[in-house]
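See below for the structure under consideration.
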Amino acid sequence: MDNSLKRLIEKYLHESCEELKKVEFSSKPFPPIFINRPKKKEWGDLSTNLPFSLSQEMGKSTSRIGRLLTSYLKEKTLFSQVEFVPPGFINFSISSPFFNEVLKKIVTQKEEFTRFSYGKGKRIQVEFVSANPTGPLHVGHGRAVAFGDSLAYILSKIGYEVEREYYVNDVGGQIERLSRSVWARLQQLEGEEISFPEDGYQGEYLIDIAKEARIKMGDALSEAGKTKPQMICLLGEFTVKEILRQIKTDLDQFGVRFDRWFFESSLDKEIPKVISFMKDRGHVYEKDGALWFKTSTFLPGVKDRVLRRRSGEYTYFASDIAYHAHKFGRGLDQVIDIWGADHIGYVPRMKAAVEALGYSKEALKIIIYQLVTLKRGEKRISASTREGKFIPLRKVLEEVGKDAARFFFLSRSCDSHLDFDLELAKKQTPENPVFYIQYAHARVCSILEKAKDKGIELKKLDEVRFDLLASSEERELMKELTLLPDEIKEAAESLEPHRLTTYLMGLATLFHQFYTRHRVISEDRELTSARLLLIKAVKIALKDALNLLGITAPQKM
RNA sequence: GCGCCUGUAGCUCAGGAGGAUAGAGCAGCGGUUUCCUAAACCGCGGGUCGCGGGUUCAAGUCCUGCCAGGCGCGCCA
């Protein structure tokens, strides 16, 4: 299925270019075609600047090319008007019958209307959040949760088989610090005066976990013969498990479900294998008692990195390479990692490693999202897990709700720094854009409900007088609905879910405007039928796009 | 010092592979309800697109130099 209007026009433009070539005796390849929404209504529904680029390519005058192209395109019934406009645009107006056909399609195909098969047969993995199991998720993670989940929905919409994965760093120094921190809390609970580890996790949540541990594993801990390190180790396992349970609960609240939780500890045996694989290819060497990855082979001038320390322990980088080897080994065609900006320096070496493993560096896409600055009014709040001073995601969800939080995270491009002002997020609640959009959906539902109560039966599609939908508000609405497949396609191609929030605002605005100026249910039964179908299509589109953002579309508000 | 990201209305941000007269929400001011939800609609004000050069028929968008903020430059994760 491919309901992209832009693709259709693109096809026509290609055909027209072929005609043009015959007349102008040109054999030059076509420049890429861009179709955009013009800024002003007078410039039609869509426009292209093809005459500009084509004239440059062919060395002919822009207006000659523009006029010739226009004359070919005028043949198409898709357009009610095709106009060449100096200095070099072609503006298209879409014919009403086409819009009417689209309405029928939306109502019959529902959310399938926006489905594509570009990714058919291809497996793509989105790995996101992957927060260390050393504390609850905080607001910063919220951005990754919303972004990754939405991206996964969008990619699956254009036909990819998508897997959501969470990588759990359950080994290494941090887990050791975590274990010692809980141990210290436990000792404190027992009334012992001990100094808290300096590099430990100071958050109060560990006190609760220590209490839990005392109750649930008291016997195991007091068992005779166990050494202190053994007990700390046991306690660590318990703590990781407990924190993961909390993280899962939070994610559940956020409406995210991962297909796989991948544990770093499970890579134990993989790491040496992967390293020897790389060694065989000359990407690994020994120096100062450590094993190094020759990053410089792939990134000239960049420092080489340690894979195995002098102490014999593998670095995080080593297990991350093994992890990615495992990902590609599973037959994934494309891997997308979503990382916070604090990992930016890590990107080049990870890509180099993927190449060293024999995969194209294009197979791994790493999306960096800028960090979230937490504010309460004017005050900045630091967000350190280690120091325990952070606002848990859970608390934000309680305050502003899942839908508003998601919308807030998703309405900005991930390149832009995000100011999350807790005061504002709370205060904003009644005026929040997300409610504006949801309200549009609820309004549609309420009208449909009303129609049902009045016993108005929906006509068969072929009998509906779509030609009655002639007002500018109705036309604009139909146009917006028609462009949803393109919006989704473009959001997927650019990996930018935030485009959909912009689209939704626009669609909701058009609906509210339509609503205030026209009555759906009236004495005119023909008109009523047509409008009921129109708003039904609006409802489908709103819900479809909201779903892709992981935001609910309420029936009532 | 080096690398990446950001700088657009009072605030928070869109602006899509360079295009036609720069957009939205919030905040401010003023209007709209015998009628399907006023969580709405309509109107008004508000901009040297950080600053300077450059490329182009055309620059908020590309290049470059500054300025400001964020993040990163470990045998940490």
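A note on names: the letters A, B, ... follow the listed sequences, proteins ahead of strands, and every chain is numbered from 1. Here the structure is a predicted model, which means the values were calculated and not measured.
- The distance from the CG atom of A:Leu50 to the NE2 atom of A:His14 is 9.0 Å, given to the nearest 0.5 Å.
- With both ends at atom P, the span from B:C51 to B:U56 equals 23 Å, rounded to whole Å.
- Closest to the side chain of A:Met505, from the set B:G74, B:A24, B:C5, is B:A24.
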Point to revise | From CA spacing to verdict: side-chain hydrogen bond (donor to acceptor under 3.5 Å, both in side chains), A:Ser529, A:Glu526 | key: CA-CA 5 Å; A:Ser529 299; A:Glu526 297 290 348; 5.5 Å; no
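- Partners of A:Phe128 under the ring-ring contact (aromatic ring centres under 6.0 Å, His included) rule, at least two apart in sequence or in another chain, are A:Phe258.
- The nucleotide B:C26 finds its pairing partner in B:G10, both defining distances of the Watson-Crick or G-U wobble pair being shorter than 3.5 Å.
- Separating the CG atom in A:Leu495 from the OG atom in A:Ser413 is a distance of 12.0 Å, to the nearest 0.5 Å.
- One cannot find a donor-acceptor pair under 3.5 Å joining the base of B:G16 and the side-chain atoms of A:Glu493.
- Residue order along RNA chain B, read from the 5' end via each residue's closest nucleotide, puts A:Ile368 first among A:Lys40 and A:Ile368.
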Taking only nitrogen or oxygen atoms into account, show me every contact under 3.5 Å that the protein makes with nucleotides 41-50 of chain B, one pair per line with its distance.
from: B:C41; atom 1: OP1; to: A:Tyr436; atom 2: OH; distance (Å): 2.4
from: B:C42; atom 1: OP1; to: A:Gln513; atom 2: NE2; distance (Å): 2.7
from: B:C42; atom 1: OP1; to: A:Arg517; atom 2: NH2; distance (Å): 3.3

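- Residue ring and base: A:Phe52 counts as stacked with B:G19 (centre distance below 5.5 Å, interplanar angle below 30°).
- Scanning atom types as modelled, no donor and acceptor separated by under 3.5 angstrom connect the side chain of A:His343 and the base of B:C71.
- Of the two residues near RNA chain B, A:Asn49 and A:Lys450, the one whose nearest nucleotide lies more 5' is A:Asn49.
- In this view, A:Tyr369 satisfies the ring-ring contact (aromatic ring centres under 6.0 Å, His included) rule with no residue, not counting sequence neighbours.
- Applying the 4.0 Å criterion to OP1 and OP2 of B:C36, one finds that A:Ser522 has every side-chain N and O outside that range.
- Nearest to the side chain of A:Val306, among B:C71, B:A77, B:C75, sits B:C75.
- Nucleotide B:A17 forms a pair with no other nucleotide shown, judged by Watson-Crick or G-U wobble geometry with both contacts under 3.5 Å.
- Nearest to the side chain of A:Ser416, among B:C13, B:A17, B:A20, sits B:C13.
- Taking only distance into account, the side chain of A:Asn91 meets the base of B:A20 through a donor-acceptor pair shorter than 3.5 Å.
- With a 3.5 Å ceiling on both atom-pair distances, the Watson-Crick or G-U wobble partner of B:C62 is B:G54.
- Taking the side chain of A:Phe435 as heavy atoms from C-beta on, and the options B:G74, B:A39, B:A77, the nearest nucleotide is B:A39.
- Nucleotide B:C4 forms a pair with B:G70, judged by Watson-Crick or G-U wobble geometry with both contacts under 3.5 Å.
- Around the NZ atom of A:Lys459, the shell of radius 6.0 Å holds more than 12 heavy atoms that belong to other residues, nucleotides or ligands.
- Pair assignment for B:U32: B:A40, on the basis of Watson-Crick or G-U wobble contacts that are both within less than 3.5 Å.
- If you check every strand for non-hydrogen atoms under 4.0 Å, A:Phe317 touches nothing.
- Contact annotation: A:Lys303 reaches the phosphate of B:G74 (side-chain N/O to OP1 or OP2, under 4.0 Å).
- Contact annotation for A:Lys454: no contact, since no heavy-atom pair falls under 4.0 Å across all strands.
- Under the stacking definition used here (centres under 5.5 Å, planes under 30°), the residue A:Tyr515 fails to qualify as stacked on the base of B:A40.
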Practice item. Could you walk me through whether A:Phe511 and A:His441 pass ring pair (Phe, Tyr, Trp, His ring centres under 6.0 Å), step by step? Key: CA-CA 9 Å; A:Phe511 172 73; A:His441 184 266; 9.8 Å; no
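- Among B:G19, B:C75, B:A77, the nucleotide with an atom closest to any side-chain atom of A:Arg310 is B:C75.
- Between A:Arg37 and the phosphate of B:G15, there is no side-chain N or O to OP1/OP2 separation shorter than 4.0 Å.
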